[in-house]
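Below is one structure; the comments refer to it alone.
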Amino acid sequence: MRVLVVEDVPRLADDIAEGLRDQGMAVDVAYDGLDAAVKINTNRYDVVVLDRDLPGMHGDALCRMVAVSEEPAMVLMLTASDSPHDRVSGLGIGADDYLGKPFHFPELILRVRSLARRRPTAHTMVLRAGGIELDQLARTATRDGHPLELTVKELGVLEALMRAHPNVLSAERLLEQVWDENADPFTKTVQVTIGRLRRKLGDPQPIQTIPGSGYRIA
């Protein structure tokens, strides 16, 4: 899952991003509306966590921009004002959910995951392929009923491959979906993570390498 956090208070933005990354999400950050607009036009996001009052470009304008994009992300709007009028107006311009500040971080995580599941292109909560079951909410995976001890990134790669099943995902698409915008496009981290994941999955090996294309779950 890829998330964009748009918040003009850098410390809060970074804290939100770090907490979401700890949950296995790939997270980009924008500290003003103009930077957020560039990222939204460049990348595909599942969820945008959007502060309403932003410099450069107001959160309302960004929300409208997301709503009319080709593959719209789900929008969780944050604001210091939690009045019924503000909630109604925020939802009226295209926000999918609304959370007033201050908020409890566990609630933010649950709302982000809930929005990702509600996205029109989202898959079911439990993914199944190649004898593997992956619970996207509990963040757990098993193979033939046996628990898999996976790191956050290994679980993210496995989730991306299972969501794409039976199609192939390139290393570039995996890097985009599981890592954030700061990842080196020439890095071998995808191949290294695939290697570790294969060892943990064991034989018969469910992850196939398609030369010149990428990887898929058999």
Return the [atom1] to [atom2] distance between [X] and [Y], rounded to the nearest 0.5 Å.
X	Y	atom1	atom2	answer
Leu108	Arg113	CG	CZ	11.0 Å
Leu78	Leu54	CG	CG	9.5 Å
Ile109	Gln23	CD1	CD	4.0 Å
Ile16	Asp14	CD1	CG	9.5 Å
Leu62	Arg52	CG	CZ	12.0 Å
Arg199	Gln205	CZ	CD	10.5 Å

Within the 4.5 Å heavy-atom criterion, are [X] and [Y] side-chain neighbours or not?
X	Y	answer
Leu110	Phe105	no
Met74	Asp46	no
Leu161	Val157	yes
His58	Arg64	no
Val48	Val6	yes
Leu4	Ile40	yes
Cys63	Leu50	yes
Asp32	Asp8	no

message: Regarding Glu149 and Lys200, does a basic nitrogen lie under 4.0 Å from an acidic carboxylate oxygen?
response: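 A salt bridge is absent here (no side-chain N lies under 4.0 Å from a carboxylate O).
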
Check: [Y] main-chain N/O paired with [X] side-chain donor or acceptor under 3.5 Å:
X	Y	value
Ser114	Arg111	no
His165	Ala129	no
Arg143	Leu148	no

Look at the side-chain heavy atoms of Ile, Leu, Val, Met, Phe, Trp and Tyr, link any pair under 4.5 Å apart, and say whether [X] and [Y] land in one connected group.
X	Y	result
Met65	Tyr98	yes
Ile210	Val190	no
Val29	Val152	no
Val112	Leu12	yes
Met162	Ile207	yes

Steps toward side chain to side chain contact (heavy atoms under 4.5 Å, CB included) verdict (Val75, Leu115): CA-CA 8 Å; Val75 176; Leu115 286 174; over 6 Å; no

message: Applying the side-chain contact (heavy atoms from CB on, under 4.5 Å) criterion to Leu197, which one of Leu155, Leu158, Thr151 satisfies it?
response: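 By the side-chain contact (heavy atoms from CB on, under 4.5 Å) criterion, Leu197 pairs with just one of Leu155, Leu158, Thr151: Leu158.
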
query: Can you check side chain to side chain contact (heavy atoms under 4.5 Å, CB included) on Arg21 and Met25, steps first, answer last?
result: CA-CA 5 Å; Arg21 289 180 185 126; Met25 304 179 200; over 6 Å; no

field: Heavy-atom closest contact (Val178 atom, Ala160 atom, distance)
entry: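 Looking at all heavy atoms of both residues, the closest pair is CG2-CB, 4.3 Å.
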
- prompt: Which atom names give the shortest non-hydrogen contact between Pro166 and Arg216, and what distance separates them?
  reply: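 In this case the closest contact between Pro166 and Arg216 is O-CD, 3.7 Å.
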
query: Any chance the side chains of Arg198 and Thr209 put a donor and an acceptor closer than 3.5 Å?
result: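 There is such a pair (donor and acceptor under 3.5 Å, judged by atom type) between the side chains of Arg198 and Thr209.
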
Side-chain donor-acceptor pair present, Asp51, Tyr31, cut-off under 3.5 Å: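 No donor-acceptor contact under 3.5 Å links the two side chains.
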
message: Under the salt bridge (Lys or Arg N to Asp or Glu O under 4.0 Å) test against Glu159, which residue among Arg2, Lys153, Arg139 passes?
response: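 Output: one option passes, namely Arg139.
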
field: Check against side chain to side chain contact (heavy atoms under 4.5 Å, CB included), Trp179 and Val27
entry: CA-CA 8 Å; Trp179 284 264; Val27 185; over 6 Å; no

